[in-house]
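Below, chain A is the first sequence line, B the second, and so on; all start at residue 1.
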Amino acid sequence: MDRVRFAPSPTGYLHIGGARTALFNYLYAKHNGGKFILRIEDTDKERSTIESELEIFESMKWLGLDWDEGPGKSADDSLYYQTRRLPIYHKYAEKLLNENKAYKCFCTKEELDLERKKAETEKRAFKYDGRCGLLTPEQTKQNEEAGKPFVVRVRVEQAGETIVTDIVRGEVKVQNSTLDDIIILRTDKMPIYNFVVVVDDVEMGITHVIRGEDHLSNTPKQIHIYKALNFPIPQFAHIPLILGADKSKLSKRHGETAVLRYRELGYLPEALINYLALLGWSPDNEDTIFSMEQLVSKFELSRVHKSGAMFDNKKLMYINGVHIRNKNADELTKMCLPYMIKSGLVTENDINGRYDFIKHTVVLQQEKLQILSEISDLSIYFYKNDYDMNDEAKKVWEKNAAERVKVLEILEKVISEIGVDKTKVEERLKADMEAAGIKPKVFMHVIRVVLSGTTMGPGLFDIVETFGKEKCMARIKKYS
RNA sequence: GUCCCCAUCGUCUAACGGUUAGGACACCGCCCUUUCACGGCGGUAAUGGGAGUUCGAUUCUCCCUGAGGACGCCA
C-alpha cells in the first residue's frame with residue numbers, strides 16, 4: 001500500500017506552493033488507493049504557532065485535501081506532532097551514538113558562524129571539518145563533565161558518492177566530499193529536520209516522499225541518515241517549484257501566496273486545485289478543466305515536469321470563471337452571499353426573506369463572473385437606489401441627447417400601461433419606438449444607462465423585470 | 001563562491017528520432033448580439049547557441065549561455 005505525507009511546519013499560513021505539494025501527494029495517494037498522511041513538523045519551537053497550524057488545517061479542508069491519517073483522525077493526535085515524538089528521535093540518536101555513527105560536537109554556534117563568515121569572505125564553501133568527531137572518548141567525557149553544550153552529528157563518509165533515485169529527475173549524484181557531518185540534535189536536544197523527517201517517514205511507513213525541488217539538495221544528507229540507521233530508503237519525487245513573475249521561487253513579494261486569501265478573493269477551491277494541478281504536471285490529453293475526481297483518475301508522477309512553472313493569475317481567473325459557470329443557481333448563490341453581505345448589498349435577514357430575488361440577480365451575472373467577489377460591483381443597481389451614471393454611461397446619455405427625452409416618455413408610458421413583464425415590455429417597446437422612429441440601439445442604450453447607470457450588464461428587459469415598476473419609474477423620473 | 005537541478009510561443013504545456021511543432025491562457029481580428037460577457041471561427045507567437053550521433057533531431061551526447069534551488073543548532 002502506498003503511503004505519502006504532507007509535512008508542513010506550522011510557522012505561517014499554508015502557502016500556494018505548499019498546497020500544490022499537498023495536492024500532488026493527495027492525488028498520488030488517491031490515484032493509487034494509498035493513504036495521505038498529515039504530519040506537523042513543529043520542531044522549530046521559536047516559530048511554530050497554533051494559529052498557523054489551524055490555518056493549515058482550514059486551508060487544506062477548504063481545498064478538499066482531507067487527510068487519511070493525522071491530527072483529528074486518530075485516537076492519539078500526538079503521533080503526528082514531532083514535538084510529541086521526542087523520545088523516538090532520542091532513541092535513534094542514542095543508537096547512532098552507541099554505534100559510533102554519530103558523535104557529540106562541542107563547537108559552538110558562534111565559532112562556526114565565524115568560520116562560515118570567513119569562508120564567505122574567502123569565497124569558498126563552508127564545510128564543518130568534523131574535528132569533534134576525532135575526539136577520544138575521554139576528551140568527549142571531559143567536555144561533557146565540564147558542562148559544555150553539544151550537538152549530535154552523524155558522521156558522513158567522505159569517500160564515494162551518493163545517488164538519489166528520483167521519480168521525476170532520474171539519478172542525481174553527489175560527491176560525498178561536498179557533504180559535512182549532519183547535525184541531528186541541537187544543544188537543547190531538539191532534533192533537526194533532516195533527522196526527524198527520516199525517522200518519521202520510516203516510522204510512518206511512507207513509501208513515496210513527494211516534496212518541492214528545494215529539498216533535493218537535502219536528500220543526499222537524508223540518505224546518509226537512512227543508511228546509518230539501516231532504514232529502507234523510500235521513493236523520492238522532487239516536484240518543480242512554483243515561480244513568481246521574475247522566475248524566482250514564489251513568495252509574498254510576488255503577490256498573494258496564502259491559500260485562504262484566494263478564498264477571500266473569491267476563488268473556488270476546485271478552480272485553485274484545477275489550476276495548481278496543471279502547474280508542473282499535465283495529463284495525456286489537451287483538456288484544461290478538471291474536477292478533483294478527474295485529476296485523481298489521471299494523475300501520474302511520471303508526467304510531472306522538471307522545470308519550474310510561473311504562477312499566472314490570468315489563467316487561474318479563467319479557470320475560476322469556468323468553474324463558476326459550471327455551478328447551478330443555488331450553489332452559486334450560496335457562494336456569492338458572503339461577498340454580498342460583506343459589501344452591504346444584502347443582510348443576513350435577506351438570505352431567507354429575499355433568497356429568490358438574490359438568486360435571480362446572481363444568475364443574471366453568472367457568465368460575467370471570474371471571481372466571486374465581483375458579484376457586488378456587478379449587482380449594485382439591483383440593490384441600491386441612489387447610484388448615478390458612471391462616465392461611460394454619461395457619454396451614452398450625452399450622445400443620445402436628441403432622442404433621450406422621447407425614449408423615456410415612451411418607456412414610462414409602456415411600463416405604466418403594461419407593467420414589467422420582460423417579454424411583453426420588449427414587444428411593446430420595440431413597436432412603440434419604431435412608430436416614433438427611434439432605432440433599437442438608441443433606445444436600448446439610453447434605457448440601459450438610465451436604469452443601471454452603466455453601459456454593461458444583463459439583458460435590458462431582464463433588468464426592467466428585475467427592477468419592477470416602482471424602481472423603473474423612479475429611475476425614469478430621475479433623468480426626465 | 002561551491003554543489004545540485006532546469007531550458008518548446010509572453011505564460012502553462014503536448015511531442016517519448018520522421019508532425020505544416022499541437023492545445024490552453026493572454027493578445028488581435030471576425031461572427032453572434034440591445035451593452036458587457038459567454039460562445040463560435042480565425043490570426044500573431046516557440047524548440048537559447050554551438051558541436052556531435054543519425055538517412056533524419058524539439059527529442060540522444062557533450063560544451064557554452066541563461067535561469068533557478070540548496071549551502072542554518074529553519075523546515
Side-chain angles (χ1 to χ4, degrees), chain A residues 7-11 41-44 46-48 105 107-109 112-113 116 119-127 149-153 164 166 169 172-175 177-180 183-188 190-194 196-197 211-220 238 240-241 243 245-249 275 278-289 305-319 321-322 325 365-370 378 392-393 396 426 430 439-449 452 454-461 463:
Chain A
S9 61
T11 54
E41 307 217 327
D42 56 352
T43 54
D44 184 346
E46 308 275 298
R47 298 192 296 151
S48 295
C105 172
C107 298
T108 66
K109 194 172 187 316
L112 297 178
D113 281 347
R116 219 186 310 274
E120 199 181 316
T121 52
E122 289 171 10
K123 294 205 181 237
R124 55 186 172 78
F126 170 75
K127 190 179 135 188
F150 61 87
V151 298
V152 176
R153 303 182 96 117
V164 180
D166 190 283
R169 273 150 227 286
V172 177
K173 293 178 189 148
V174 176
Q175 293 302 315
S177 56
T178 64
L179 271 23
D180 53 8
I183 298 180
I184 59 171
L185 247 43
R186 300 160 155 102
T187 46
D188 67 357
M190 221 16 161
I192 272 198
Y193 168 73
N194 280 127
V196 287
V197 76
R211 69 207 340 179
E213 195 198 336
D214 48 346
H215 288 282
L216 184 56
S217 50
N218 277 319
T219 309
H238 287 91
L241 262 19
L243 278 23
D246 62 357
K247 294 213 174 220
S248 69
K249 195 161 92 171
Y275 178 66
L278 263 19
L279 238 37
W281 171 82
S282 63
D284 55 6
N285 60 33
E286 292 184 335
D287 297 343
T288 48
I289 302 300
H305 313 146
K306 293 175 179 163
S307 49
M310 233 183 253
F311 191 84
D312 177 13
N313 213 267
K314 290 247 179 70
K315 190 155 185 174
L316 205 210
M317 286 257 249
Y318 163 79
I319 289 176
V322 174
R325 272 170 254 133
Q365 306 291 5
Q366 183 164 16
E367 65 189 9
K368 269 181 264 302
L369 288 178
Q370 279 209 300
L378 248 24
E392 285 300 305
V396 171
E426 178 169 4
K430 280 179 173 167
K439 290 194 174 75
K441 257 199 166 116
V442 172
F443 77 79
M444 286 193 177
H445 288 176
V446 170
I447 295 174
R448 176 178 293 283
V449 297
S452 73
T454 84
T455 54
M456 49 191 196
L460 181 59
F461 303 102
I463 295 178

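Atom pair D284(A):CG and A15(B):C1' shows a separation of 13 Å (rounding to whole Å applied). In this entry the distance linking CG of N313(A) with P of C12(B) reads 14 Å, nearest Å. Note: CG (N218(A)) to C1' (A75(B)) measures 9 Å, nearest angstrom. The nearest whole Å value for the distance from the NZ atom in K315(A) to the P atom in A26(B) is 9 Å.
Note on H305(A): only backbone sugar-phosphate atoms sit closer than 4.0 angstrom, heavy atoms only; bases stay farther off. Residue contacts shown for V172(A) are limited to sugar-phosphate atoms, with no base heavy atom under 4.0 Å away.
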Extract from the structure each pairing of a protein N or O with an N or O of nucleotides 60-62 of chain B at less than 3.5 Å, listing the distance.
none

Protein-nucleotides 6-9 of chain B N/O pairs under 3.5 Å:
none

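Between S282(A) and the phosphate of A14(B), there is a side-chain N or O to OP1/OP2 separation shorter than 4.0 Å. Of the side-chain N and O atoms in K314(A), none sit less than 4.0 angstrom from OP1 or OP2 of C27(B). Taking only side-chain nitrogens and oxygens, R116(A) comes nearer than 4.0 Å to OP1 or OP2 of G72(B). Close to A75(B), at under 4.0 Å from its OP1 or OP2, lies a side-chain N or O of T43(A).
Residues meeting the salt bridge (Lys or Arg N to Asp or Glu O under 4.0 Å) test with R47(A), sequence neighbours left out: D44(A). By the salt bridge (Lys or Arg N to Asp or Glu O under 4.0 Å) test, D42(A) is found to be paired with no residue, residues two or more places apart in sequence or in another chain being considered. The salt bridge (Lys or Arg N to Asp or Glu O under 4.0 Å) check on E120(A) picks up nothing, with sequence neighbours excluded.
Nucleotides G1(B) and A51(B) have their C1' atoms positioned 29 Å apart, rounded to a whole Å. Here the separation of U53(B) from U61(B), taken at their P atoms, is 15 Å to the nearest Å. Spacing of C1' atoms, C4(B) relative to C41(B), comes out at 48 Å, to the nearest Å. For the C1' atoms, the distance from C73(B) to U11(B) is 41 Å, rounded to whole Å.
Annotation: of the two residues near RNA chain B, V174(A) and D287(A), the 5′-most nearest-nucleotide partner is V174(A).
The side chain of A125(A) has G1(B) as its nearest neighbour among C12(B), G23(B), G1(B). You'll find that the side chain of A309(A) is closest to U13(B), out of U13(B), A75(B), U11(B). Residue K249(A) places its side chain closer to G69(B) than to any other of U2(B), G69(B), C5(B).
For D312(A) against A26(B), no side-chain N or O and base N or O form a donor-acceptor pair under 3.5 Å.
The minimum heavy-atom distance linking P220(A) with V174(A) is given by the pair CG-CG2, 3.7 Å. Nearest heavy atoms, E41(A) versus P10(A): O-CD, 3.5 Å. Across V446(A) and V396(A), no two heavy atoms sit closer than the pair N-CG1, 4.5 Å.
Using a 4.0 Å cut-off between a side-chain N of Lys or Arg and a carboxylate O of Asp or Glu, R169(A) and E213(A) qualify as a salt bridge.
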*Where protein sits on nucleotides 28-44 of chain B, one letter per nucleotide: B base, S sugar-phosphate only, - none, heavy atoms under 4.0 Å*: ------BBBBSS-----

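Taking the six-membered ring for Trp and the full ring otherwise, the centers of Y275(A) and Y318(A) sit at least 6.0 Å from each other.
For the residue pair R211(A)/H238(A), the side-chain donor-acceptor check at 3.5 Å is satisfied.
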